[in-house]
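Structure record follows, encoded as structure tokens.
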Amino acid sequence: MAQRKTVIFIADSLDNAHKFQQVLSGFDVDVAAGSSLQFKKLLSTHPNHDLVIYEARGDALGNVAQAEALLVEDGSAPMLVIVNEGQLAEFRLPVQVKADFVVHGASAEECAARIRQLLWPGNESSTSDFITVDNMTINLATYQVKVAGEPLDLTYLEYALLAFLVTHPGRTYSRDALLRRVWGFDYYGGSRTVDVHVRRVRAKLGPELAQRLETVRGVGYLWSA
């Protein structure tokens, strides 16, 4: 399983805070968010952070330089800077830490791509690693499932069962077929263990999503498309 990362998010505008909250909910990360005035405190309370996302306001060059100096002093985690188009003429990327930038108003997809590149260089998750069904997101790269932005506490086999059915929607699989495809050929337990895991997954998904995991009487289970 991929190592869970910690992101410090600094912004003074609500629109960026809201957008990046949605973007970051699709990653296997813990987020510590605050205003520019709280930046230094957040660095000290989260010493093992993996990325800083920093909104440059006003004097972009001066603000980013100050933030860079703090990061160098603190251990040089990568930095993603959010800048306005009007700031681009004077803006310079930090040179003492690994850094990238996005322009204010960039799409959520572009922001996510740049975050992936800084957090998992050379091993970025592609958009095909994410499956979204209603308010549920499955990250196939990090084995994490979130519902309404909140991570589900699934065992590996519960995750594997859910991910398999969701990635094969509308197809019914017998218990024996699920044992072979999810548990593996070396599993010698009874097929009723599938029923137990389906019940647990349904309970954790909540009533609305649980309805998608259907029982086909006398045959097996399917995830309704």
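Just so it is clear, the structure is predicted and the values come from calculations on it, not from any experiment. In this chain, residues are counted from 1 in sequence order.
- Both V72 and I10 sit in one connected hydrophobic cluster of ILVMFWY residues. Membership requires side-chain heavy atoms under 4.5 Å apart, directly or through other members.
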| field | Worked check of side-chain contact (heavy atoms from CB on, under 4.5 Å) between V133 and I138 | value | CA-CA 8 Å; V133 179; I138 300 178; over 6 Å; no
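- Side chain of E158 to main chain of R200: no donor-acceptor pair is present (N/O by atom type, distance under 3.5 Å, no hydrogens or angles).
- For the pair K204 (side chain) and L152 (backbone), a donor-acceptor distance under 3.5 Å is absent.
- Atom NE2 of H18 sits in a sparse spot, with 12 or fewer heavy atoms from other residues, nucleotides or ligands closer than 6.0 Å.
- Using the six-membered ring where Trp is involved, Y54 and F39 have ring planes that are tilted, between 30° and 60° apart.
- Side-chain atoms of S13 and D15 include a donor-acceptor pair closer than 3.5 Å.
- For Y159, the ring-ring contact (aromatic ring centres under 6.0 Å, His included) criterion is met by Y143, not counting sequence neighbours.
- Across C111 and F20, no two heavy atoms sit closer than the pair SG-CZ, 3.6 Å.
- The shortest side-chain heavy-atom distance between T167 and I131 falls under the 4.5 Å cut-off.
- Every residue two or more places apart in sequence or in another chain was checked for a salt bridge (charged side-chain N to carboxylate O under 4.0 Å, His left out) with R202, and none qualifies.
- To the nearest 0.5 Å, atoms OG1 (T137) and NZ (K146) are separated by 8.5 Å.
- What you find for A56 and Q87 is that their closest heavy atoms are O-NE2, 3.2 Å.
- In terms of heavy-atom proximity, V182 sits nearest to L161 at CG1-N, 3.8 Å.
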| side-chain contact (heavy atoms from CB on, under 4.5 Å) between L162 and M136, intermediate numbers included | CA-CA 11 Å; L162 175 64; M136 176 178 71; 4.2 Å; yes
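- Nearest heavy atoms, E110 versus A106: OE1-CB, 3.6 Å.
- Evaluation of the ring-ring contact (aromatic ring centres under 6.0 Å, His included) rule for H197 yields W183 as partners, not counting sequence neighbours.
- The closest donor-acceptor contact from the side chain of E55 to the backbone of D12 lies under 3.5 Å.
- Taking CD1 of I8 as the reference point, atom NE2 of H49 lies at 4.5 Å (rounded to 0.5 Å).
- Rounding to the nearest 0.5 Å places CG of D195 at 8.0 Å from OG1 of T215.
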| Verdict with supporting geometry, L165 and L178, side-chain contact (heavy atoms from CB on, under 4.5 Å) | CA-CA 9 Å; L165 288 170; L178 288 171; 4.0 Å; yes
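- Remark: S174 OG to R181 CZ distance equals 10.5 Å, nearest 0.5 Å.
- Enclosure of atom CG in D134 by more than 12 non-hydrogen atoms of other residues, nucleotides or ligands within 6.0 angstrom is indicated.
- Linking Ile, Leu, Val, Met, Phe, Trp and Tyr residues whenever their side-chain heavy atoms come within less than 4.5 Å places L70 and L93 in a single cluster.
- The hydrophobic clustering, which links ILVMFWY residues whose side-chain heavy atoms are closer than 4.5 Å, places V52 and V95 apart.
- Here the closest non-hydrogen pair linking R171 and Y173 is CZ-OH, 3.2 Å.
- Note that the CD1 atom of I115 and the CG atom of L51 stand 7.0 Å from one another [nearest 0.5 Å].
- Of the residues V216, T172, V194, the one that meets the side chain to side chain contact (heavy atoms under 4.5 Å, CB included) test with Y221 is V194.
- In terms of hydrophobic clustering, with Ile, Leu, Val, Met, Phe, Trp and Tyr side chains grouped at heavy-atom distances under 4.5 Å, V64 and L88 are assigned to a common cluster.
- Panel note: side chain R212, backbone S224; a donor-acceptor pair is recorded below 3.5 Å.
- Taking CZ of F91 as the reference point, atom CG of N63 lies at 11.0 Å (rounded to 0.5 Å).
- Checked by atom type and distance alone, the side chain of H46 never pairs as donor or acceptor with a backbone atom of L42 at under 3.5 Å.
- Linking Ile, Leu, Val, Met, Phe, Trp and Tyr residues whenever their side-chain heavy atoms come within less than 4.5 Å leaves L222 and V198 in two separate clusters.
- The backbone N or O of Q96 lies less than 3.5 Å from a partner atom in the side chain of E68, making a donor-acceptor pair.
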| task | Apply side-chain contact (heavy atoms from CB on, under 4.5 Å) to V196 and R192, showing your working. | result | CA-CA 7 Å; V196 173; R192 290 296 171 182; 5.8 Å; no
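- Surrounding CD of Q38 are more than 12 heavy atoms belonging to other residues, nucleotides or ligands, all under 6.0 Å away.
- Heavy atoms of other residues, nucleotides or ligands lying less than 6.0 angstrom from NZ of K40 number 12 at most.
- A pairwise comparison of heavy atoms in L71 and A77 identifies CD1-O, 3.9 Å as the closest pair.
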